[in-house]
Amino acid sequence: QVQLVESGGGLVQPGGSLRLSCAASGIISRIDAMYWYRQAPGMQRELVATLTDSHQTAYADSVKGRFTISRDNAKNTFYLQMNTLKPEDTAVYYCNMLPFHPWGQGTQVTVSS
């Protein structure tokens, strides 16, 4: 029933910034945590950022200090602010939550000069 839609990706030069959004349609009765994943070509999908309902955050070492996960007051939209982007950040970015929902289409982030 819940649909996840990622947006905000695009082409950016190294050192640039993007803000990704995750919008959830449908009724969500409970959110225990929010997640951002990414998947580069030929690679496994990896967890990049976590935000718990108690407002604790966790990040992959590769993005720590550059990415920030946050949510709005309604808890049905959350974000990934990405700063100082590097070419190795190039991937399709996906969002999800606990309880887990079907994957959305993701949003492409390409970091290239």
Side-chain angles (χ1 to χ4, degrees):
Q1 185 177 10
V2 174
Q3 300 282 336
L4 300 175
V5 179
E6 300 91 346
S7 63
L11 176 64
V12 64
Q13 292 188 331
S17 298
L18 287 171
R19 189 192 190 200
L20 307 184
S21 297
C22 179
S25 63
I27 298 174
I28 302 175
S29 60
R30 180 170 61 92
I31 301 176
D32 294 324
M34 288 146 275
Y35 307 102
W36 282 100
Y37 294 78
R38 69 185 181 188
Q39 187 169 24
M43 303 291 289
Q44 298 273 9
R45 190 169 300 182
E46 64 171 337
L47 179 63
V48 172
T50 300
L51 176 63
T52 71
D53 193 54
S54 60
H55 308 290
Q56 292 188 302
T57 60
Y59 300 93
D61 288 341
S62 58
V63 307
K64 194 172 298 182
R66 301 186 297 118
F67 290 11
T68 303
I69 185 171
S70 62
R71 65 184 180 188
D72 68 5
N73 293 331
K75 295 186 177 182
N76 63 350
T77 304
F78 62 100
Y79 308 95
L80 185 68
Q81 178 67 46
M82 306 185 296
N83 297 326
T84 319
L85 283 161
K86 304 175 180 179
E88 52 262 44
D89 296 320
T90 296
V92 178
Y93 284 72
Y94 301 87
C95 62
N96 220 304
M97 298 173 285
L98 277 181
F100 214 69
H101 300 285
W103 295 107
Q105 295 297 310
T107 185
Q108 175 72 51
V109 172
T110 303
V111 185
S112 177
S113 60

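The shown structure was predicted, so the numbers you read here are calculated from the model rather than taken from an experiment.
Cluster annotation: I69 is not connected to L98 through the hydrophobic network of ILVMFWY side chains, with a link wherever side-chain heavy atoms come within less than 4.5 Å. Y94 and V109 are assigned to two separate hydrophobic clusters, defined by single-linkage of ILVMFWY side chains at heavy-atom distances under 4.5 Å. In this structure, Y59 is a member of the same hydrophobic cluster as L20, with clusters built from ILVMFWY side-chain heavy atoms closer than 4.5 Å. Two different hydrophobic clusters hold Y79 and V48 under the rule that ILVMFWY side chains link at heavy-atom gaps under 4.5 Å. Both L18 and L51 are part of a single hydrophobic cluster, where members link through side-chain heavy atoms under 4.5 Å apart.
Within a 6.0 Å sphere centred on CD of E46, other residues, nucleotides and ligands contribute more than 12 heavy atoms. Around atom CD of Q39, more than 12 heavy atoms belonging to other residues, nucleotides or ligands sit under 6.0 Å away.
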Would L11 and S112 count as a side-chain contact (heavy atoms from CB on, under 4.5 Å) if you check the C-alpha gap in whole Å, the side-chain angles of each, and the deciding distance to 0.1 Å? CA-CA 7 Å; L11 176 64; S112 177; 4.3 Å; yes
Could you give me the CA-CA distance, side-chain angles and deciding distance for W36 and F67, then say whether ring-ring contact (aromatic ring centres under 6.0 Å, His included) is met? CA-CA 10 Å; W36 282 100; F67 290 11; 9.8 Å; no
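Counting heavy atoms from C-beta on, the side chains of C95 and F78 come closer than 4.5 Å. Within the 4.5 Å cutoff, side-chain heavy atoms of M97 are placed close to those of I28. For the pair T57 and T50, the minimum side-chain heavy-atom distance is 4.5 Å or more. The side-chain heavy atoms of L47 and Y35, taken from C-beta on, include a pair separated by under 4.5 Å. With contacts defined as side-chain heavy-atom distances shorter than 4.5 Å, the pair Q108/Y93 does not qualify. The shortest side-chain heavy-atom distance between R71 and D53 falls under the 4.5 Å cut-off. By the 4.5 Å heavy-atom criterion applied to side chains, N96 and L4 are counted as neighbours.
Listed by chain and residue number, D89 satisfy the salt bridge (charged side-chain N to carboxylate O under 4.0 Å, His left out) test with R66 (two or more places apart in sequence, or in another chain).
S54 and T52 share a donor-acceptor pair across their side chains, judged by distance under 3.5 Å alone. Side-chain atoms of S62 and R38 include a donor-acceptor pair closer than 3.5 Å.
Distance CG/L85 to OG1/T90: 8.5 Å, rounded to 0.5 Å. Once rounded to the nearest 0.5 Å, the distance linking OG1 of T110 with CD of Q13 reads 13.0 Å. Rounded to the nearest 0.5 Å, atoms OG (S70) and CD (Q81) are 8.0 Å apart.
What you find for T107 and G8 is that their closest heavy atoms are OG1-N, 4.0 Å. When all heavy atoms are compared, the tightest approach of L80 to A49 is CD1-CB, 4.0 Å.
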